[in-house]
There are 2 protein chains.
Amino acid sequence: MCVKLHLVQNSSVDEPALGLRERKKRARREALIDATHRLVAEHGLDAVTVEAICEEAGVSARTFFNYFETKDDAVLGHTPWPLDSAATEEFATGGPTGHLLADLQALVSSFLTDAPIGRQRVARALELAAKEPRLFARHLAWMEQHKGQLSALIERRLQMGTADDAALSSEIVGSTLLFLTHATFMRWDAAGGTGTADEHVSAVVADLRSILTD
Amino acid sequence: MCVKLHLVQNSSVDEPALGLRERKKRARREALIDATHRLVAEHGLDAVTVEAICEEAGVSARTFFNYFETKDDAVLGHTPWPLDSAATEEFATGGPTGHLLADLQALVSSFLTDAPIGRQRVARALELAAKEPRLFARHLAWMEQHKGQLSALIERRLQMGTADDAALSSEIVGSTLLFLTHATFMRWDAAGGTGTADEHVSAVVADLRSILTD
DNA sequence: TGCAAAGTTGCAGTGTGTGTAAAGTTGCAC
DNA sequence: GTGCAACTTTACACACACTGCAACTTTGCA
């Protein structure tokens, strides 16, 4: 199968123009995700083989695994999580507001908003994940993988916080951060992708608080 | 390899004496878990094949998969979650205290305490899971698998609760329940398995509350 | 003792994921 | 443009997880 890649010229100003190599890489990555979505939507996760996906995308099976660790990751569009953004740095150094909870919410919001995969593709991934529990699990696992980095981030933050905050373990704060991200993600999805990440994370926090303060 | 099973005579009064068949089944199950623990502790998860485990346990590879869905499940001792215990029933019908939070805590505690696998084995599983992120992931996946049942449980409970509780979605309560279970599980492990599940779940709730009420 | 139900086993097969080395592309300096 | 270094893709071989199936063995029970 002969497939042409759509190479989009990056016209943003702050990002230096990407070379052909990098653009091809991204295009191929998205082509693989899209091919996976198409096939899985039609036949279901287990009935689709990596080989079939590769044929659809016009790429060798070996290449597939250069892009994704597992088949499931291709559906989810998972890639190593860029935990070195401006938002994470600001959080670690005590910002943006100085209140732990508010800043956690801001961080969750930035995670969901600046996802390294387009909004539409996220939506399609969610749709499929709802039908295939295994995908959901994989998503959780993927988040869990980054918990070490997250904990380190939080460790930095807690050391410059108030005495109150410092009494918390970075472990539990990290878990909470993951939980908030996850729950917000789901709530956003349940709302059909409408609204902003900010709104949803606030709603989740409110619910949680109401459960915990009986 | 010729391996003899240790068949423990069940002497409890309320449980009718188990037949030979059932006792053998349990013994084999535990033998498989133990063999897996031994080998994985020594060589690491990825270096241990199912075949090796079966040789150690004196069982055919095919039999292994009659007991566990995946290799990872054998480490974790996972088995279909018995969500029809007395504790779950009590929770669904508004008990034991009538306060949602307190009853959630009791439920978490019962999950961890009445695990269908012995305390020691749980401890060993936790030890191994700490070193192998994939196991953790699988554990999360396993919990996620039961979320549907959990949601149904919570749905029943919420319908007989106060107006306050009824405003919550069973979704978020279910997620919270899973989160509490998970976080407590980890905290218990971090404490080296000392203390009771009750104590740890309370501590987790306290921490969470302090994060959320800035 | 004998029969039905439950459990175990070997075997063949599918599919995921990895290591490796050769072949093809791109970036860049001259 | 030419040429070389760095990076990517690809084919191939392989290990291993896991499944379906059809004997075969063991247990429960009359």
Side-chain angles (χ1 to χ4, degrees), chain A residues 1-5 7 9-10 16-29 31-32 35-36 39-40 43-76 78 132 134-135 137-138 141, chain B residues 1-5 7 9-10 16-32 35-36 39-40 43-76 78-79 132 134-135 137-138 141:
Chain A
M1 198 184 222
C2 178
V3 174
K4 280 221 178 127
L5 294 178
L7 300 182
Q9 179 59 53
N10 182 330
L18 257 26
L20 175 58
R21 194 167 270 171
E22 189 61 19
R23 270 180 296 146
K24 259 195 176 173
K25 215 161 141 187
R26 294 196 184 183
R28 208 161 271 201
R29 205 185 126 73
L32 280 170
T36 307
L39 291 175
V40 171
H43 304 108
L45 185 57
D46 287 324
V48 172
T49 67
V50 170
E51 207 176 350
I53 296 170
C54 293
E55 188 157 337
E56 177 91 2
V59 143
S60 92
R62 191 58 185 82
T63 296
F64 180 95
F65 289 106
N66 289 340
Y67 282 86
F68 304 101
E69 279 185 27
T70 66
K71 185 172 77 172
D72 299 0
D73 281 347
V75 180
L76 297 168
H78 278 167
E132 312 268 5
R134 233 183 60 216
L135 288 178
R138 176 77 194 169
Chain B
M1 196 182 220
C2 180
V3 173
K4 280 222 177 129
L5 295 178
L7 300 182
Q9 179 60 53
N10 183 329
L18 257 26
L20 175 58
R21 199 166 341 238
E22 190 61 20
R23 271 180 295 146
K24 261 196 175 173
K25 215 162 139 186
R26 295 195 183 183
R28 232 189 267 270
R29 206 184 126 72
E30 300 195 340
L32 279 169
T36 308
L39 291 176
V40 171
H43 304 108
L45 184 58
D46 289 325
V48 173
T49 66
V50 170
E51 207 178 348
I53 295 170
C54 293
E55 188 158 335
E56 177 91 3
V59 143
S60 91
R62 191 61 187 79
T63 297
F64 180 94
F65 290 105
N66 290 340
Y67 282 86
F68 303 101
E69 279 185 27
T70 66
K71 185 172 76 171
D72 298 0
D73 281 347
V75 180
L76 297 168
H78 279 164
T79 222
E132 310 268 8
R134 232 182 62 215
L135 288 178
R138 176 75 195 173

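Letters go in sequence order (proteins before strands), and every chain restarts at 1.
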For nucleotides 4-8 of chain D, tabulate all protein N/O to nucleotide N/O atom pairs closer than 3.5 Å, reporting atom names and distance.
unit_1	atom_1	unit_2	atom_2	d
D:dC7	O4'	A:Arg21	NH1	3.3
D:dT8	OP1	A:Lys25	NZ	2.9

Starting from [atom2] on [N], measure out to [atom1] on [X] and report it in whole angstrom.
X       : N      : atom1 : atom2 : result
B:Arg23 : C:dG7  : CZ    : C1'   : 16 Å
B:Asp72 : D:dC16 : CG    : P     : 15 Å
B:Lys24 : C:dT8  : NZ    : P     : 9 Å
A:Phe64 : C:dT18 : CZ    : C1'   : 14 Å
A:Phe65 : C:dT20 : CZ    : C1'   : 17 Å
A:Asp46 : D:dG20 : CG    : P     : 11 Å
B:Asp73 : D:dT19 : CG    : C1'   : 16 Å
A:Lys71 : D:dA17 : NZ    : P     : 18 Å

(request) For B:Phe68 and for A:Arg62, locate the closest nucleotide of DNA chain D by heavy-atom distance; then report the residue assigned to the nucleotide nearer the 5' terminus. (result) A:Arg62
(request) Sequence neighbours left out, what passes salt bridge (charged side-chain N to carboxylate O under 4.0 Å, His left out) with B:Glu132? Give chain and number order. (result) none
(request) Might you work through the salt bridge (charged side-chain N to carboxylate O under 4.0 Å, His left out) test for B:Glu30 and B:Arg26, ending with a clear yes or no? (result) CA-CA 6 Å; B:Glu30 300 195 340; B:Arg26 295 195 183 183; over 6 Å; no
Return the [atom1] to [atom2] distance between [X] and [Y], rounded to the nearest 0.5 Å.
X       : Y       : atom1 : atom2 : result
B:Ser60 : B:Glu55 : OG    : CD    : 12.0 Å
A:Asp46 : A:Lys71 : CG    : NZ    : 6.0 Å
A:Lys25 : A:Tyr67 : NZ    : OH    : 6.5 Å

(request) Taking side-chain contact (heavy atoms from CB on, under 4.5 Å) as the test, write out the residues that go with B:Phe65, two or more places apart. (result) B:Val50, B:Arg62
(request) Return no unless some side-chain N or O of A:Thr63 is found under 4.0 Å from OP1 or OP2 of D:dT10. (result) yes
